Undergrad: 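Mind looking over this structure? Questions follow.
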Amino acid sequence: MELEFIPMDYDSCDIKGKNYIKIYGKTKSGKKICIFDLLEPCFWVILDPKDNAEEVLQTINNKEINYLDRKIKPLSATLHKKKFMSKDVRAIKVAVTNSKDINPLAEMLEKQGLAIHEQDINLITRYIIEKNVRPLVWQKVNGRVLNNDPELFGADKEISCDCILAEQITESKDQPVFQPKVLAFDIESEEFEIGKGKIIMLAIASHNEKKVITWKKTAKKEGLEFVEYVKDEPALLEKFQEYVRKEDPDFLTGYFSDGFDLPYIRARAEYYKMKLDLGCDGKGIKFLRGAINSAKISGIVHMDIYKFIDTVISPNLQSETISLDDVAAELLGEKKHEFDFSADQEDLEKFYRYNLQDALLTEKLFHKLWPNIQELCKIVQEPLFDICRDSYSQLVENYILHNLLRFNEIAVNKPSHHEIAERRLRSKYEGALVKQPVPGLYERVVFFDFTSLYPSMITSFNISPASLTSEKDCHKTPEFELNGKKVSFCFSREESFIPKLVHEIITLRKEIKKQLKDAPSAILSARSYALKTIMNATYGYYGFFAARYYSLECAASITAFGRFYITEVIKKFEQKEYQVVYSDTDSIALTLGDKTEKESLDLLKKINEELPGEISLELEDFYLRAIFVSKRTTTAGAKKKYALINKQGQFKIRGFETVRRNWCNLAREVQNKTIRMILEQGDAERAKKYVEEVIKKVKTRAFDKKEFLIRTQLRKELLEYKSISPHVIIAQKMKELGFPVRPGTLIEFFIAETREKKAMVREKAKMPQEKGEYNIEYYLHHQIIPAVENIFEIFGINLQEISEGRKQKSLGDF
DNA sequence: GCAGCAAGGTTACC
DNA sequence: ACGGGTAACCTTGCTGC
């Protein structure tokens, strides 16, 4: 038979010693199917030029080793002309019946002095590469329907959807839009600790159903049609399973469901000795170990969008946290329902609605992000499950691995633990250049940016470990210091595969952007975003110690070229008598002075003509005014702290406490308003009056306590802290009270008045709900005044003096 | 007991 | 272990008097 399907998920199994890949997919008529496809895994042996290929081939072919309970013998060994790090090599492809054979065989050959490669490629990745059966790309399969098949020893029997044994799979010509069925869910439990208390309710949200399942009943009926009552917690779990079965979604999605909802559900099911069977192979939920466990269900792709947002989306969000509340507010314009767990627990209607809203937001967020997930999946070519959970480095690495075949390249091996440890010890390298600004208020300022500076360095100078060379005719970095020595690196002129991949992305994005100009499209924007993500992460990947294509030389060369060109551009503007106020990595700010905007753009054009390769500087924006301040303790200008107002009256504030979440709201607001007033008016008179007013109000306790809450994130396990700062003390208290405290938790506290005036800050720190008044002295001199004093300093206004004077006078007031 | 500085720590910028 | 370096600025903790 022949049919078309789209691969959503991949799994592997071992049937009588052979490797089969199970592809869970969907047919065009919307039916779920599972395709079995035989895979003969392989690895490579790269020959030394002096090796006799025939001899080595024979040795490998005759190898037969006993390993545990099985006899291992290579299926085949064939000689090929390949490339390794862009160089021509002779290599032997060794195919085996089962991936279990790879390690013992590879180890044995390695002992004989042979260079083994690609033995460490994940089986699914290998399958996708070898057979070109890409995720989310419609495929045409020829094969036969399985029905408790003797050839597979009935392996298909345990799978609840139709199974097909593939003979051949090829990409379909027709690629219609795939519209997945999604089920979002969210639980509410008695305790935060996994499995400790009962699950009170569980909300599901899909195209068909918006429901809360619960055993906790309320007398009220009308308006609560969305609530479905069950008799107890086991029945709730059963009901959930029933809905998952009935809905039979392609994707199950949650918010932090890898870390909370699914582990909790599993723990409760185990407690009742229930077998929870959500997938279609009777094997329940598999929990894979990692930094955070991930939960896999066969036949349904479980996507925890929290993780995806954390790594791929959040760098481009304004939100200060990646809580569901903040992210939904920014991406959907919708908030969670308000619910106070200590006060509202008994208001069940409120609780149900709160629970449902979480599932609804999760569902909506999923649909909003689906173009991004989908496009990244198609580009990187790894299964959806992994795409949502991979770090940047894994995305880049997989992107490279899935493209190597086009270059006839054999992959570099993963570094050993020992190698990783060694790389981590290698000294750091110099990064970007940041120019120190002179504090002051500037008028008519223009910002120029390099477009994708580091990717353009990679492509323009062919920077990759494979092109590092000692040839004379090459791209040579400017001289720079590395490990205390003056160095310079050379990269061959023949374009190597990683720069080529980056180049392709740049070209492709230009095309997409052109198309987007004519017609907006969520898919195309997502594609452009996914490509940008991969492209921008390549530099960091070179410098990442666990990367296959790690190269300190490359990472250091990229920043060296970057420093060189930004310096060149600064010089060029200065030669034409522009005052360069500031510069950070790839941006440059200058005052127009007596020149027109057009004159600056003409000069920009001329500079661009002189820049080599793909390197190009572009206009970011023109600004009416700009503020640069000094550092707190010295008169030197502070880097990475500035505020701008453009011609449309829009503000751009960078680095100031206003944008730092570990400062109290009032300090941030006062600074923000101060900056805005000054930028709008060009002087500090109104701002000064405003701040004086605020100081007065702080002293008379005219503000609400919550304006003084400080939020600081716990970055590691409580026990690992060497120095006990205020937020650590509070976290300890919270833990004792049974609140969930783990790395990543945002700790809220305020500094209170205490009898002991000289006490350390941490001794004055209190939880938000604790009794106590805010500490006037602390907030004035450690939050409010420090936030604005060096802004006023620009205008010769000494705020500390003003405040001190007032403080003397008003001492009796409190 | 205290000043002064280094270390620890968080958050931002690009 | 799960891109990178640069930088500001807080609090604690230690050293040396």
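Bear in mind that the values here come from a model prediction, so they are computed numbers and not experimental data. Letters go in sequence order (proteins before strands), and every chain restarts at 1.
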Undergrad: Rounded to whole angstrom units, what separation is found between the OH atom of A:Tyr454 and the P atom of C:dT6?
TA: 9 Å
Undergrad: Verify the distance criterion only: is there a donor paired with an acceptor across the side chains of A:His418 and A:Arg423 at less than 3.5 Å?
TA: no
Undergrad: Suppose we screen for salt bridge (charged side-chain N to carboxylate O under 4.0 Å, His left out). Which residues come up paired with A:Glu763, at least two apart in sequence or across chains?
TA: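 Once residues adjacent in sequence are excluded, A:Glu763 has no partner under the salt bridge (charged side-chain N to carboxylate O under 4.0 Å, His left out) criterion.
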Undergrad: Tell me whether the side-chain N/O atoms of A:Ser393 come closer than 4.0 Å to OP1 or OP2 in C:dG3.
TA: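 Looking at the OP1 and OP2 atoms of C:dG3, one of them is under 4.0 Å from a side-chain N or O of A:Ser393.
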Undergrad: Nearest whole angstrom, please: distance from the P of B:dC13 to the CD of A:Gln318.
TA: 9 Å
Undergrad: What orientation do A:Phe573 and A:Phe448 show, parallel under 30°, tilted 30 to 60°, or perpendicular over 60°?
TA: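 Ring orientation, 0 to 90° scale: parallel.
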Undergrad: OP1 or OP2 of C:dG5 versus the side-chain N and O atoms of A:Lys428: is any pair under 4.0 Å?
TA: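 So the side-chain polar atoms of A:Lys428 do come within 4.0 Å of the phosphate oxygens OP1 or OP2 of C:dG5, strictly under.
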Undergrad: For C:dA1, does OP1 or OP2 lie under 4.0 Å from any side-chain N or O of A:Tyr392?
TA: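 It does not, given that no N or O in the side chain of A:Tyr392 lies less than 4.0 Å from OP1 or OP2 of C:dA1.
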Undergrad: Which of these nucleotides, C:dC2, C:dG5, B:dT11, is closest to any side-chain atom of A:Gln394?
TA: C:dC2
Undergrad: Quick check for you: among C:dG3, B:dT11, C:dA7, whose closest atom lies nearest to any side-chain atom of A:Val434?
TA: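 Out of C:dG3, B:dT11, C:dA7, the nucleotide with an atom closest to A:Val434's side chain is C:dA7.
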Undergrad: Of A:Ile305, A:Ile313, A:Asp310, A:Ile309, which meets side-chain contact (heavy atoms from CB on, under 4.5 Å) against A:Val327?
TA: A:Ile309
Undergrad: Heavy atoms under 4.0 Å, any strand shown: does A:Gly431 hit a base, just sugar-phosphate, or nothing?
TA: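 The answer is sugar-phosphate, as A:Gly431 gets under 4.0 Å only of primed atoms, P, OP1 or OP2.
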Undergrad: B:dC14, B:dC2, C:dG5: which one has an atom nearest the side-chain heavy atoms of A:Asp586?
TA: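 Comparing B:dC14, B:dC2, C:dG5 against the side chain of A:Asp586, the answer is B:dC14.
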Undergrad: So, using side-chain hydrogen bond (donor to acceptor under 3.5 Å, both in side chains) as the criterion, who are the partners of A:Thr585 when residues are at least two apart?
TA: none
Undergrad: Using the salt bridge (charged side-chain N to carboxylate O under 4.0 Å, His left out) criterion, which residues pair with A:Arg548? Sequence neighbours excluded.
TA: A:Asp120, A:Glu397
Undergrad: Counting side-chain heavy atoms from C-beta on, which of B:dT11, B:dT10, B:dC13 comes nearest to A:Arg661?
TA: B:dT11
Undergrad: If the plane angle is over 60° it's perpendicular, under 30° parallel, otherwise tilted; pick one for A:Tyr442 and A:Phe628.
TA: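 Ring orientation of A:Tyr442 relative to A:Phe628: perpendicular.
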Undergrad: To the nearest angstrom, how far is A:Tyr642 atom OH from B:dA12 atom P?
TA: 15 Å
Undergrad: Is there a side-chain polar atom (N or O) of A:Arg715 under 4.0 Å from OP1 or OP2 of B:dT10?
TA: no
Undergrad: Given atom OH of A:Tyr550 and atom P of C:dG4, what is their separation to the nearest angstrom?
TA: 10 Å
Undergrad: What does A:Tyr429 touch in the nucleic acid at a heavy-atom separation under 4.0 angstrom: a base, only the sugar-phosphate, or nothing?
TA: sugar-phosphate
Undergrad: Would you say the ring centers of A:Phe708 and A:Tyr779 fall short of 6.0 Å from each other?
TA: yes
Undergrad: State, without any angle test, whether A:Tyr565 and A:Asp586 hold a side-chain donor-acceptor pair at a distance under 3.5 Å.
TA: no
Undergrad: Can a side-chain donor-acceptor contact be found between A:Glu430 and A:Thr559 if the only test is distance below 3.5 angstrom?
TA: no
Undergrad: With a non-hydrogen cut-off below 4.0 angstrom, is A:Lys716 in contact with a base, only sugar-phosphate, or nothing?
TA: sugar-phosphate
Undergrad: What is the distance, rounded to the nearest whole Å, between atom CG of A:Leu453 and atom C1' of C:dG4?
TA: 13 Å
Undergrad: Can you check the distance between C:dA1 and B:dT11, where both ends of the measurement are the C1' atom (answer in whole Å)?
TA: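 One C1' to the other, the span is 22 Å.
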Undergrad: Looking only at the side chain of A:Phe544 (C-beta and beyond, no hydrogens), which of the listed nucleotides C:dT6, B:dT10, C:dG4 gets closest?
TA: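 Selected nucleotide: C:dG4.
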Undergrad: Give the B/S/- string for nucleotides 9-17 of chain C, one per nucleotide from 5' to 3', where a protein heavy atom under 4.0 Å of the base yields B, of only the sugar-phosphate yields S, and otherwise -.
TA: SSSSS----
Undergrad: Mind checking if A:Ala555 touches a base, just sugar-phosphate, or nothing, with heavy atoms under 4.0 Å?
TA: nothing
Undergrad: Rounded to whole Å, please give me the gap between CZ in A:Phe656 and P in B:dT10.
TA: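 Distance, rounded to whole Å: 24 Å.
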Undergrad: Between C1' on C:dC2 and CG on A:Asn398, what's the gap in Å once rounded to a whole number?
TA: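 Rounding to the nearest Å, CG of A:Asn398 and C1' of C:dC2 are 12 Å apart.
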Undergrad: When you check the phosphate oxygens OP1 and OP2 of B:dG9, does a side-chain N or O of A:His727 lie under 4.0 Å from one of them?
TA: no
Undergrad: What integer distance in Å separates A:Arg668:CZ from B:dA12:P?
TA: 8 Å
Undergrad: Are OP1 or OP2 of B:dC14 and a side-chain N or O of A:Arg654 less than 4.0 angstrom apart?
TA: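 For B:dC14, OP1 or OP2 has a side-chain N or O of A:Arg654 closer than 4.0 Å.
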Undergrad: Among all residues two or more places apart in sequence or in another chain, which pass the salt bridge (charged side-chain N to carboxylate O under 4.0 Å, His left out) test with A:Lys766?
TA: none
Undergrad: Does C:dA7 have OP1 or OP2 sitting under 4.0 Å from an N or O in the side chain of A:Lys639?
TA: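 Checking A:Lys639 against C:dA7: at least one side-chain N or O falls below 4.0 Å of OP1 or OP2.
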Undergrad: What are the residues of residues 456-463 of chain A, sorted by number, that bring a heavy atom to within less than 4.0 Å of DNA chain C?
TA: none
Undergrad: Under 4.0 Å between a side-chain N/O of A:Tyr721 and OP1 or OP2 of B:dT10, yes or no?
TA: yes
